[in-house]
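One structure is given here, and the rest of the page talks about it.
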Amino acid sequence: MKANSTPLPTNVRYFLTVMSALERLRQDAREVEAAYLRRLSALFESRQENFASSIHQDQSHPDIGHAPHFAAARKFVARMLQLCLLVPMFVSQWKRLSSWRRQHHSKQLILAIASNRLPPNSSLSSFRLSLATLLWSIGASSDSVSKKIVDTDAVFVFDALHVSAFWSLRDKLNKENVAIIDGAFLAFFYAAQLIVNPLRQLRKIYSLILECYRTRPSDRRFCSETLLKTIFYASVANAYKLLLDASVRSEAVFVTSNAVLTERLRAHLFRSAKCTQLIEILHGAGSIPAERFFAKIIAAGSSLQSSKRLSFVRQVPNLPLYGVFKTQSNDGPPFAINCYLNHYFMEKPERSFAGWIQSEYRTLRGSNAAADDPIIITIFGNCVDDGPLTRSASFRAECALISLITKFGETVQPEYLIVYIPHPTHRHDLLDHPAFTSNHVRTYRKSVFGWLISDLCVALASSTMFEARYFGVPAFTPMLNSDQIYTASYLDQLAHPQSNSFDDLNTTLRNFLAEYRREPHVTVLGRARGRLALMGFDSPLTESTATNRAYRSRESV
């Protein structure tokens, strides 16, 4: 068989460039955050030795023999059973995709999302309407992205997970020309293509492997694992090429980033001439490592004119974008899309906002709900990926900040309440830590409710503090410009120390707490109402209001 007997399914060298940039992003992000946490640890341990030691010795999550191995095995078996149950749905969707090709759709929309971050919602009768509601804008009135969901002939939902949670809404998918493409279906589709046309696909696989071998790194660090990764990267891109009808014009919206499958999809679309627009809704505020990553992949695709098709959309309107985030931002009046905010309100019952705000606030405060409204200080938790949350350096730093806030409590008048909101990654973790008990910290699981009721907020690095700041919550972080996580223009929006000194951190935090003055006679409900209006949700979200807004967006663009 000749090497050039079959056209190559993808440009291997380009995909290697993109995947190398992704690995570099992850490494840079880990190194930058690790250095930041080491700096904080040194500061806190130099002045709070007893407190830091007690955090290190926490035994609230002891290891239990072989329990982790048993749990992993049980999870694996459950996943295999789930996949077996999904096979009939895979077959049905595969047939529908073949039917779509014969219908000659004029356009299709590609939506990249992570269903664990934005889980399926069955409150609305239409799945497309649910997606359109997720993409409503705040700030300047522009619902052009929602319009794309409603108008397009077919919607491909590319889930970053191996098995999507959206399969639970399969009855709606069949009726609305929506396909779910997760890791499991992608593997099924690739295998089905191989079975249907084995000779043709085997030739493509052979050409792919040969090109991957020729494109491998030439230095001595190259090994068989790198070749296997290269083949895997290119095979995923080839599956996307087979899956998406190359003859149909498409547009893409990315609600998530930095996931394995998501980045391969974006790289494929960068090379597709039929993909006329890629809209990237910023996942977070836009860190320095993330900007470097996008700058690299845009430069790698410069010959494809990918920069002319890519645009970024803020999560809140006032973010001081920079670099490629700024040069590639949307033209015209700035608007923003916050999918997490939209999803939160989709889950709310169809009753007055005043009712559920008061109800949730009573639940948060417990037996003290009848007392005067305290000053609410919210800690937005950091994302931890190096083990249990309560054993991490990040959590120890958060506990140290809580200890300082309690120490300065007398400067906060009148009564104050500390609320800890864990990062969504840790929403199911048990948070029964001694530092919470000793400092009377309440825990809550939804950042949006924190934006509605808080007087002040504190975070190590969570981008939610910038969103809270936009909605009127003054924010503090112990971060410095030299930590190279966010730019100086971002940090200028927050209270933060100016030097790597415990005294500076101590003084800045104390002044941040002491200088806050709530407007007279403004209750929690009054504060929340003003912020709801700013968010664009000053009336309950019902099926009819969602439908009306989605279809109004069709007429306004």
Side-chain angles (χ1 to χ4, degrees), residues 134-146 253-255 257 279-291 294 310-345 376 378 380 421 446-481 483-496 508 512 515-516 518-519 522 527-538:
L134 280 178
L135 295 167
W136 282 354
S137 66
I138 55 177
S141 58
S142 173
D143 287 314
S144 59
V145 183
S146 289
V253 179
F254 282 77
V255 179
S257 61
I279 300 172
E280 182 80 31
I281 299 171
L282 282 178
H283 181 67
S287 66
I288 292 174
E291 192 278 337
F294 278 105
L310 175 66
S311 61
F312 293 96
V313 177
R314 301 166 174 85
Q315 282 193 323
V316 288
N318 71 336
L319 290 177
L321 299 184
Y322 64 99
V324 296
F325 291 147
K326 183 175 183 178
T327 59
Q328 301 292 137
S329 63
N330 53 286
D331 296 328
F335 74 100
I337 295 174
N338 195 305
C339 299
Y340 300 98
L341 186 70
N342 293 330
H343 187 271
Y344 178 80
F345 288 109
I376 300 172
T378 300
F380 291 111
I421 300 180
K446 297 288 187 178
S447 298
V448 176
F449 191 67
W451 300 341
L452 288 173
I453 68 168
S454 298
D455 290 273
L456 300 167
C457 72
V458 175
L460 291 184
S462 174
S463 65
T464 55
M465 59 185 166
F466 297 106
E467 294 161 301
R469 182 70 185 86
Y470 173 75
F471 295 122
V473 188
F476 170 87
T477 181
M479 197 181 301
L480 302 176
N481 291 336
D483 290 316
Q484 287 292 291
I485 297 177
Y486 293 108
T487 63
S489 58
Y490 273 93
L491 293 185
D492 286 346
Q493 298 191 358
L494 316 173
H496 68 96
T508 305
F512 171 74
E515 292 171 1
Y516 177 72
R518 178 189 287 173
E519 293 183 22
V522 176
R527 194 159 58 248
R529 278 177 170 160
R531 295 171 184 175
L532 284 167
L534 187 61
M535 295 174 182
F537 288 96
D538 50 354

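- Side-chain contact check for L135 versus I281: some heavy-atom pair is nearer than 4.5 Å.
- Between L321 and L282 there is a side-chain heavy-atom pair separated by less than 4.5 Å.
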Note to self: Run the side chain to side chain contact (heavy atoms under 4.5 Å, CB included) test on M535 and N338 for me, step by step, so that the C-alpha distance in whole Å, both residues' side-chain angles and the decisive distance to 0.1 Å come before the verdict.
What the structure shows: CA-CA 10 Å; M535 295 174 182; N338 195 305; over 6 Å; no
Next item on the list: Show your reasoning for whether side chain to side chain contact (heavy atoms under 4.5 Å, CB included) applies to L319 and F325.
Entry: CA-CA 10 Å; L319 290 177; F325 291 147; over 6 Å; no
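- Although no hydrogens or angles enter the test, the distance criterion places no donor-acceptor pair under 3.5 Å between the side chain of Q328 and the main chain of F312.
- Minimum heavy-atom separation, A468 to C457: CB-SG, 4.0 Å.
- In this pair, F476 and F512 present their aromatic rings tilted. The plane angle is within the 30 to 60° band.
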Checklist line | Residues I421, K446; criterion side chain to side chain contact (heavy atoms under 4.5 Å, CB included); working and verdict | finding: CA-CA 7 Å; I421 300 180; K446 297 288 187 178; over 6 Å; no
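- Using modelled atom types, one side-chain atom of R531 and one backbone atom of L452 make a donor-acceptor pair closer than 3.5 Å.
- Here T378 contributes atom OG1 and M465 contributes atom CE; the two are 14.0 Å apart, rounded to the nearest 0.5 Å.
- Checked by atom type and distance alone, the side chain of R469 never pairs as donor or acceptor with a backbone atom of L494 at under 3.5 Å.
- Using modelled atom types, no side-chain atom of Y340 and backbone atom of V448 make a donor-acceptor pair closer than 3.5 Å.
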Check: Between V316 and I138, does a side chain to side chain contact (heavy atoms under 4.5 Å, CB included) hold up when you go through it step by step?
Finding: CA-CA 7 Å; V316 288; I138 55 177; 4.2 Å; yes
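- By the 4.5 Å heavy-atom criterion applied to side chains, L134 and V255 are not counted as neighbours.
- Aromatic ring orientation, Y490 versus Y322: perpendicular (interplanar angle above 60°, classes split at 30° and 60°).
- In this structure, S287 and Y486 have side chains that are in contact, with non-hydrogen atoms separated by less than 4.5 Å.
- By the 4.5 Å heavy-atom criterion applied to side chains, R527 and I376 are counted as neighbours.
- Residues Q493 and P320 meet the side-chain proximity criterion, which asks for heavy atoms closer than 4.5 Å.
- Between A285 and S463, the shortest heavy-atom contact is N-CB, 3.4 Å.
- The line from CD1 of I485 to CG of L460 is 9.0 Å long, rounded to the nearest 0.5 Å.
- Taken to the nearest 0.5 Å, the CG atom of D483 stands 9.5 Å off from the CD1 atom of I288.
- Residue S257 holds its OG atom at 5.0 Å from CZ of F294, rounded to the nearest 0.5 Å.
- For the pair Q315 (side chain) and H283 (backbone), a donor-acceptor distance under 3.5 Å is absent.
- In this structure the side chain of T477 never reaches within 4.5 angstrom of the side chain of F466, judged on heavy atoms.
- Rounded to the nearest 0.5 angstrom, S454 OG and F449 CZ are separated by 9.0 Å.
- With hydrogens and angles disregarded, no donor-acceptor distance shorter than 3.5 Å links the side chain of N318 to the backbone of Y470.
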